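The block underneath contains the structure these notes are about, expressed in structure tokens.
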Amino acid sequence: MVRKPRSVSPQVLLAWVVLAAVSFTPWTILATKSTKFMVGDSRGWDQGVDYVTWAKGKTFHVGDKLVFLYSETVHNVFKVTKHQYQNCIIPSSAKHALTSGYDIVKLTSPGKKWYICGMADHCATGGQKLAIDVKPSKHHH
């Protein structure tokens, strides 16, 4: 038995055309000011990930966001100085640790930024540390 295709009413067709047009207007492009970077991509924030290679080829701008995804009982995230990063020095105040397992860090200023895991020796022997260079906002070109 061959079914007769259903016809679409002009109102439904018009609604789809309007929806498609609105979806692809410059407003959408303007609203997309920032980029979200999943640190480590599918591996997330974990030991044994080469974050130097991960960051290569990516351009980070003021307004972008870093997403640190990890098991909150195993890892954490500290924003640190260059010296702390190079030597895997955990800041003395643990209150500055991000510990949710899904931490979103908004990049608010240009310049070099450093992050490490403060658990055990994850930074020193697990390589769980990230250094990035944040460029000015995309809208200041």
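In this chain, residues are counted from 1 in sequence order. None of these values were measured; they are calculated from a predicted model.
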Q: Could you go through the side-chain contact (heavy atoms from CB on, under 4.5 Å) check for Asp133 and Lys112 one step at a time?
A: CA-CA 4 Å; Asp133 188 10; Lys112 305 253 189 236; 3.7 Å; yes
(Q) So, using side-chain hydrogen bond (donor to acceptor under 3.5 Å, both in side chains) as the criterion, who are the partners of Lys129 when residues are at least two apart? (A) none
Q | Electrostatic pair Arg43-Asp41, nearest N-O below 4.0 angstrom | A | no
Q.
Please give me the minimum heavy-atom distance between Ile90 and Gly118, naming the atom from each residue.
A. CD1-O, 3.1 Å
Q: Return yes if a side-chain donor-acceptor contact under 3.5 Å exists between Lys138 and Ser34, otherwise no.
A: no
**Q.** Under 3.5 Å: donor-acceptor pair, side chain of Asp50, backbone of Val52
**A.** yes
Q: Starting from the C-alpha separation in whole Å, work towards a yes-or-no answer on side-chain contact (heavy atoms from CB on, under 4.5 Å) for His75 and Gln47.
A: CA-CA 9 Å; His75 303 296; Gln47 296 181 80; 4.1 Å; yes
Q: Report, as yes or no, whether the 6.0 Å neighbourhood of atom NZ on Lys58 holds more than 12 heavy atoms from other residues, nucleotides or ligands.
A: yes
Q) Does Val77 sit in a hydrophobic cluster with other residues, and if so which ones, taking ILVMFWY side chains as linked at heavy-atom separations under 4.5 Å, directly or through other members? A) Phe37, Val39, Trp45, Val49, Tyr51, Trp54, Phe60, Val62, Leu66, Phe68, Tyr70, Leu98, Val105, Leu107, Tyr115, Leu130, Ile132, Val134
**Q.** Where Ile116 and Ile89 come nearest, the two heavy atoms and their spacing
**A.** CD1-O, 3.5 Å
Q. Got a sec, which residues hit side chain to side chain contact (heavy atoms under 4.5 Å, CB included) with Ser71, two or more places apart in sequence or on another chain?
A. Thr73, Val74
(Q) Distance check, rounded to the nearest 0.5 Å: Lys82 atom NZ versus Asn87 atom CG? (A) 11.0 Å
Q.
With a 4.5 Å cut-off on side-chain heavy atoms, are Asn76 and Met119 touching?
A. yes
Q: Return the set of residues passing disulfide (SG to SG under 2.5 Å) with Cys117 (not counting sequence neighbours), or none when no residue passes.
A: none
Q. Taking only residues two or more places apart in sequence or in another chain, which ones pass side chain to side chain contact (heavy atoms under 4.5 Å, CB included) with Ala131?
A. Tyr85, Trp114
Q. Please walk me through it: do His96 and Lys79 pass side-chain contact (heavy atoms from CB on, under 4.5 Å)?
A. CA-CA 8 Å; His96 296 299; Lys79 183 177 180 195; over 6 Å; no
(Q) Run the salt bridge (charged side-chain N to carboxylate O under 4.0 Å, His left out) test against Asp46 and tell me which residues pass, sequence neighbours left out. (A) none
(Q) Using side-chain heavy atoms (C-beta onward) and a distance below 4.5 Å, is Glu72 in contact with Ser100? (A) no
Q. At what distance, to the nearest 0.5 angstrom, does CD of Gln128 lie from CG of Asp121?
A. 10.5 Å
Q. So, the side chain of Asp64 versus the backbone of His61: is there a donor-acceptor pair under 3.5 Å, distance only?
A. yes
